[in-house]
Each structure stands twice: as C-alpha cells, then as structure tokens.
Amino acid sequence: MLTQLIYTKKMRDYIKREIIRVLIEVYDLSEAEDIVEIQKTSSKHVTSDYYTNIAMKLAKTLGEKPLLIAEKIVSSIITDTNYKVWVAKPGYINFTLHQSQKNNVVLEIIKSEDLLAGVKTSEARNIIVEFVSANPTGPLHVGHGRGAIYGNIISKYLEIQGHKVHKEYYVNDFGNQINKLVISVFSRIDGTIAHGSSDLYEGDYINDISKKIQQFIKNEGWDISIKKILENNEHSKKLEACKKVIVSSILENIRDSLSKLGIIFDNWFSESMLFENNLVDNIIARLRETGKTIKKDGALMFNDDEPRVLIKSNGEFTYFASDLAYHDRKMKKFDKVINIWGADHHGYVKRIYKGLESLGHDVGKLDIHLIQFANLYRGKKKVSMSTRKGEFVELDTLLQEIGIDAINYFYLMRSKDQHLDFDLEVAVSSNKNNPVYYIQYAHARIEKILSQVPEYNKYEFDYDNLTKKQEGDLVDKLINFSDTCKKSIINLKPQIMTNYLYDLSQLFHGYYANERIIKDDMNYSQVYLLVAIQKVIKCGLETINIEAPRKM
RNA sequence: GCGCCUGUAGCUCAGUUGGAUAGAGCAUUAGCUUCCGAAGCUAAAGGUCAGAAGUUCAAAUCUUCUCAGGCGCUCCA
C-alpha cells in the first residue's frame with residue numbers, strides 16, 4: 001500500500017489523514033483538518049521519523065490531559081507493518097517508519113528526473129533583481145563580493161522556482177562622483193588640475209584610464225590641452241566624450257570581473273538615461289501633484305517624517321529623485337521588484353517605500369534585501385577594505401587566490417543578516433577545515449568507488465539490505481533533501497543548502513571510513529545508496545553554483 | 001537622541017511554523033592506516049541561548065524593557 005511514497009511526502013499525508021479520521025471518530029472534531037500538523041522529528045534523542053503535537057493543542061478545549069488524549073488517539077489508529085505509533089510525554093504522538101520503507105528514497109532519488117520539482121511555483125511571475133550596482137568609479141573590490149554572489153544566487157533560486165528573472169545592474173553614471181572621477185583621471189595627466197585635493201580617487205586603475213584618455217585624445221586628433229577640455233564650456237562635448245570613455249572603461253572592467261564569477265546581467269541600466277528621457281522631471285511633477293512636496297530654503301523636498309531633498313537649492317537633483325524615477329519604472333514593468341543592497345543603505349529603505357507609495361505604487365511588490373558586511377581575514381589578520389587611497393583587495397584578486405567555488409560557498413554559508421567573517425587561509429586550504437573541499441571530496445570519493453563497479457545496475461536494489469545505523473542516518477538525510485530544497489530555495493536562504501550539503505558529506509565520510517563497499521560479497525544496495533548520495537550532492541552544489549568534481 | 005541588523009560552547013556560526021535532553025566546525029585532549037583517496041574517521045570535554053519580565057501546556061524562537069557590538073541617520077553618494 002505504501003511503497004514508493006515516502007520521498008514524495010505521501011507517507012506524511014497518509015498519517016495525517018489517519019489522525020484526522022481518528023479525531024473525527026473519537027472526538028467528533030469537524031475542524032480537525034485545519035489543526036493537525038505532522039512534523040518531522042528533529043530531536044536527536046527521539047528515534048521517530050514524524051510526530052504530531054495535536055494532543056497538547058487540544059488539551060485545553062477538550063479539558064483532558066494531553067497524555068490521555070494521545071493514548072486515546074493512538075489506540076484508534078489502524079497501523080500496518082510499515083510504521084509504528086507510540087506516545088511520549090507530555091503528549092507527543094510519534095511515528096516510526098520501518099527502515100525498508102524509508103530505503104525507498106534511494107531508488108526514488110536515482111530515478112527522479114528533477115530533484116527540484118518540489119519547489120516549482122504554480123504562478124510564475126516576472127521579477128527584476130537589481131544587485132551589485134556599485135558606482136562606476138573603480139574596480140569591484142571584496143566589499144562588493146557578498147552582494148554580487150548573493151544577488152546572483154537569489155536570481156537563480158527564483159529561476160529554479162519557475163519565475164522569469166531579469167537581472168539588472170543600475171549604473172550611477174550621472175552626478176558628482178562621476179565628475180570627481182573625471183577630475184581624478186585628468187589630474188594624473190596634468191598635475192596642476194585639482195592639485196593638492198584630497199578628495200580624488202586614487203589607485204593604479206586611475207593611471208591606466210588616464211593612459212586610455214590620452215590615447216583617445218590622440219586618436220581623435222584634438223589639439224587641445226586636457227585642462228582646456230575640463231575648463232571651457234564650449235568644449236563640453238569633448239568633456240562628455242571623455243567621460244564616456246572613462247565610465248565605459250570602468251564598466252568594462254566590472255563586467256569582466258563579474259563574468260569571471262559567472263554573473264551575467266540581462267541589462268545595465270544607465271542613470272543618465274533617466275535624465276535624457278526626462279523621467280526624473282516627470283517623477284518630480286507627479287510628486288508635486290500629490291501635494292507631498294514642499295519648498296524649503298530654496299530646495300524641493302519630499303515631505304516624509306523628515307523632509308527629504310529632491311532638488312537641491314543649486315538646481316541639482318539628488319539620488320533620491322533619480323532613484324524614485326528608476327524604481328517607478330521597475331514597479332511598472334515587473335510583478336516583483338527585488339533590490340539587493342548593502343546594510344549601510346538601510347536608512348534609505350523607508351524613504352524609497354514612502355516615495356513609491358506616494359506615486360501610487362503597491363509597495364508590497366518591492367522587496368529590499370539588506371546584506372550585512374563581510375570581513376575578510378588572512379588567518380588572524382583583517383584584510384583592509386578601505387576604498388580611500390586605493391587600499392582594497394580587488395574581487396579579481398580574491399578570485400585568483402581562492403577560486404570561484406570557494407567564493408560562492410563562503411559568501412553563501414551564512415545568513416545575509418549575519419556579519420560574515422571570511423578567512424582566506426581556510427578558503428584556500430585543501431583539507432576538512434575547508435567545507436567546500438570537504439563536500440567536493442565526498443562527491444569525488446563516491447565517483448572513485450562507482451568507477452570500480454560500473455555494472456552495479458545489473459543487480460537489483462534490495463529495500464531490506466540497508467540496515468546499518470549509518471545507512472539509516474544517510475537515508476534519513478536523503479529524505480530531508482526535499483524539505484531542505486523548499487526551505488532554502490523558496491525562502492531564499494542559501495545557507496540552508498550549504499549546511500545540508502556539509503552534514504550529508506559528513507555522514508558519508510563517516511560511513512566510508514567505517515564500511516568497505518567494494519568487497520568479495522558485494523552488497524549492491526550500498527552502491528545504490530552512494531549513487532543517490534552523489535546525485536543529491538551534485539544537485540545541491542549546482543543550485544549554489546559550485547562544481548561537483550569527479551576527481552580532485 | 002532616532003532607526004536597522006546582531007548577541008547561542010574559548011573562536012566562527014547553524015537552529016525551519018514556538019515543541020522533547022541545545023547543534024556543527026575550528027581550537028583542546030585521547031585514539032584510528034596490510035584494504036575503495038588519511039585530502040579521512042572515532043571519542044572526550046566544552047552552554048545562565050547577553051540580562052530581566054511577560055505570553056504559552058511548551059520560548060534560543062513571540063512581546064516589552066535593559067545592556068553590549070556593527071551600521072545608518074548631510075542640500076553625501
């Protein structure tokens with residue numbers, strides 16, 4: 001009756017229906033359907049697979065002791081050989097499945113065409129995920145890494161669910177910091193420009209760009225000094241051209257760094273474009289209509305709890321103004337808008353919500369994920385991340401040093417709300433201290449064993465032939481994979497997947513050390529077990545963009 | 001002063017919708033190689049879940065307050 005049903009949760013449903021039936025029969029509880037929950041046993045001290053707390057929940061309304069209720073329920077349950085039911089104080093009803101029943105999961109995993117089928121959504125939506133969006137004033141450094149990797153995986157998770165995902169990088173190519181960048185580059189060419197200013201970008205990349213600009217000017221055949229380009233308004237076209245070269249040079253570098261990390265954006269949205277198409281003016285006009293703007297000290301402000309400047313008294317727009325225009329566009333075009341921001345922007349969140357609300361948007365569509373900072377360590381020593389003076393480790397350097405798999409894993413292994421300490425020495429190590437290595441090693445180890453029994457599938461899998469404690473633990477863990485995927489992928493929590501894979505690998509390594517698989521009297525069911533484990537590890541690693549090597 | 005995040009073993013962190021005796025790794029200590037990869041495994045030890053009160057049959061988890069750390073509160077970007 002119950003074969004092949006566990007992995008697909010039907011066993012749990014079966015138990016639930018049985019409990020409901022009993023509740024109606026014994027207590028005449030018509031609402032039983034809504035309150036019965038069958039949960040997975042997580043305590044290590046209890047040897048059941050599922051439990052329900054229904055007896056404790058009903059104690060008050062029924063006016064009976066929970067233990068008594070539980071016993072009454074259990075005595076009416078019709079059991080079969082596939083599972084046992086027992087009561088534990090103060091009123092838990094436990095269900096223990098027969099091992100050979102649970103072993104079904106091994107074949108189910110092996111036969112499954114899509115292990116992630118359980119996370120598919122029934123209503124696919126059009127979602128935009130905006131992330132990284134670092135100002136194009138220099139190369140990406142390690143401080144940008146976490147948001148980049150996290151945004152990429154969130155996008156992937158949404159795609160796995162079946163949504164249509166649009167990945168976008170918002171390019172702040174307008175305003176003061178770009179002008180500052182231009183002056184920084186120009187001052188490398190002509191030292192008298194902005195001489196002695198402490199407010200310029202430094203770092204080697206400025207040198208590289210200044211060379212490019214000099215080449216560009218030469219190619220264009222302009223017979224004019226760099227200083228003149230900057231100073232004379234009549235040369236503003238030339239200045240704009242230089243600006244474009246500078247920004248696109250930096251963007252090219254950023255794009256290159258990201259693609260090396262496997263991060264490809266669908267669109268690079270330019271802030272300038274908002275101004276060129278008068279979208280910012282349009283937003284200001286609409287905000288004025290709502291009556292929520294005020295003039296104060298010559299500036300135009302959005303009147304929130306505190307007034308927020310939209311147009312400065314000198315006539316310049318603030319970022320708030322262009323950000324509202326940008327978000328207005330996104331809110332119109334997509335069903336769901338997700339922003340991945342550094343935690344230092346949290347003060348800005350409320351303002352954006354309030355602004356968009358005033359513009360008539362349903363702000364429930366907007367999710368802003370704030371990512372806490374990551375600190376990098378080299379052993380005990382903290383790696384500096386100061387952007388001042390160009391004292392930062394570039395993302396490219398980090399990639400070279402530890403590789404793409406470690407970058408993905410280490411940035412994803414902790415909750416986004418948690419400050420993350422990232423130790424480079426551990427990330428490059430080739431031993432069990434390094435969780436990436438440890439998981440990949442499990443995959444490779446299994447591959448090695450399987451290569452020695454290529455024709456294992458000529459033998460049948462025997463449900464009754466995995467009886468050892470460690471085999472039971474592994475099977476339980478495999479059963480959990482389905483739930484793990486839901487928790488991780490649907491709730492957008494990559495760390496749940498990294499933790500699961502680590503735990504599974506740990507169980508496997510222990511099993512491997514204790515149990516010899518290749519032997520004279522082969523137990524082919526054990527080989528099947530390894531095949532299932534390997535498939536799950538591979539699938540799990542793929543969801544977090546980490547390679548599952550066959551050999552290391 | 002106001003706001004957001006955090007506080008769990010010596011260190012770095014998990015902990016699902018509130019469930020049973022709190023979970024890993026590192027570090028420490030003691031062990032394990034004729035044999036599928038020791039790039040590994042086993043065990044011991046380690047806890048006032050920051051503190052207090054509340055809600056509940058049940059709180060690391062929810063509420064309030066206090067303390068501590070990080071970050072943000074510019075006509076900055």
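Proteins come first, then strands; the chains are lettered A, B, ... in the order of their sequence lines, and each starts at number 1.
- Between A:N176 and B:A77, a side-chain N or O to OP1/OP2 separation shorter than 4.0 Å is present.
- Here, B:U29 and B:A68 have their C1' atoms 33 Å apart, quoted to the whole Å.
- Taking atom C1' in both B:G25 and B:G69, the straight-line distance is 24 Å, to the nearest Å.
- With C1' as the reference atom, B:A14 and B:U42 are 23 Å apart, rounded to whole Å.
- When the nucleotides B:A20, B:G40, B:A14 are ranked by their closest atom to the side chain of A:Q418, B:A14 comes out on top.
- Closest approach to the A:E306 side chain among B:C36, B:U74, B:A20 is made by B:U74 (side chain taken as heavy atoms from C-beta onward).
- Atom name P, nucleotides B:C26 and B:A44: the rounded distance is 15 Å, in whole Å.
- With hydrogens and angles ignored, the 3.5 Å screen pairs no side-chain donor or acceptor of A:N303 with any backbone N or O of A:I294.
- A distance of 9.5 Å separates CG in A:D503 from CG in A:N480, rounded to the nearest 0.5 Å.
- Of the candidates B:U17, B:A20, B:C71, B:U17 carries the atom nearest the A:E37 side chain, counting heavy atoms from C-beta on.
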Annotated structure of RNA chain B as dot-bracket, pair cut-off 3.5 Å, Watson-Crick or G-U only, | for inter-strand, is (((((((..((((.....[...)))).(((((.......))))).....(((((..]....))))))))))))....
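- In textbook terms, a nucleotide whose glycosidic angle is within 90° of 0 is syn, while B:U28, being further out, is anti.
- Distances were taken from every side-chain heavy atom of A:N499 (C-beta onward) to each of B:C36, B:A20, B:A14; the shortest belongs to B:A14.
- You'll find that the side chain of A:K60 is closest to B:C57, out of B:C75, B:C57, B:A20.
- Ring pair A:F508/A:Y512 is tilted by interplanar angle, where 30° to 60° counts as tilted.
- A donor-acceptor contact under 3.5 angstrom links the side-chain atoms of A:S313 to the base of B:C75.
- Between A:I544 and the options A:N408, A:L501, A:D405, a side chain to side chain contact (heavy atoms under 4.5 Å, CB included) holds for only A:L501.
- Distance from the side chain of A:H419 is smallest for B:G69 among the nucleotides B:C75, B:A38, B:G69.
- A:A299 comes within 4.0 angstrom of a nucleotide base, judged by non-hydrogen atoms across all strands.
- Relative to the side chain of A:S48, the nucleotides B:A20, B:C36, B:A77 differ in distance, and B:A20 lies closest.
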Between protein and nucleic acid, restricted to nucleotides 24-29 of chain B and to nitrogen or oxygen atoms under 3.5 Å apart, what atom pairs and distances do you find?
unit_1	atom_1	unit_2	atom_2	d
B:A24	O3'	A:Q506	NE2	3.2
B:G25	OP1	A:Q506	NE2	2.6
B:C26	OP1	A:K432	NZ	3.4

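- Not a single donor-acceptor pair under 3.5 Å links the side chain of A:H141 to the backbone N or O of A:L395.
- Remark: A:Y459 engages A:Y524 in a ring pair (Phe, Tyr, Trp, His ring centres under 6.0 Å) (not counting sequence neighbours).
- Residue A:Q495 places at least one side-chain N or O closer than 4.0 Å to OP1 or OP2 of B:G15.
- In this structure, OG1 in A:T121 is found 13.5 Å from CD1 in A:I160, a value given to the nearest 0.5 Å.
- Remark: of the listed residues A:L251, A:I250, A:V247, A:V247 is the sole one forming a side chain to side chain contact (heavy atoms under 4.5 Å, CB included) with A:D173.
- Note on A:K519 versus A:E515: salt bridge recorded, some NZ/NE/NH1/NH2 to OD/OE distance being below 4.0 Å.
- Comparing B:C76, B:G40, B:A20 against the side chain of A:K312 picks out B:C76 as the nearest.
- For A:D344 and B:G72, a side-chain-to-base donor-acceptor distance below 3.5 Å is absent, hydrogens and geometry of angles not being considered.
- A:N94 comes within contact range of at least one nucleobase, with a heavy-atom separation under 4.0 Å.
- Listed nucleotides B:C71, B:U56, B:A38 differ in distance to A:Y441; the shortest reach to its side chain belongs to B:A38.
- The only option from A:Y51, A:Y50, A:W86 that meets the side-chain hydrogen bond (donor to acceptor under 3.5 Å, both in side chains) definition with A:T96 turns out to be A:W86.
- Within 4.0 Å (heavy atoms only), A:Q440 reaches no atom of the nucleic acid at all.
- Side chain to side chain, A:Q372 and A:Q418 fail the donor-acceptor criterion of an N or O pair below 3.5 Å.
- OP1 and OP2 of B:A20 both lie 4.0 Å or more from every side-chain N or O belonging to A:Y50.
- The side chain of A:M56 lies closest to B:C57, out of B:G72, B:C36, B:C57.
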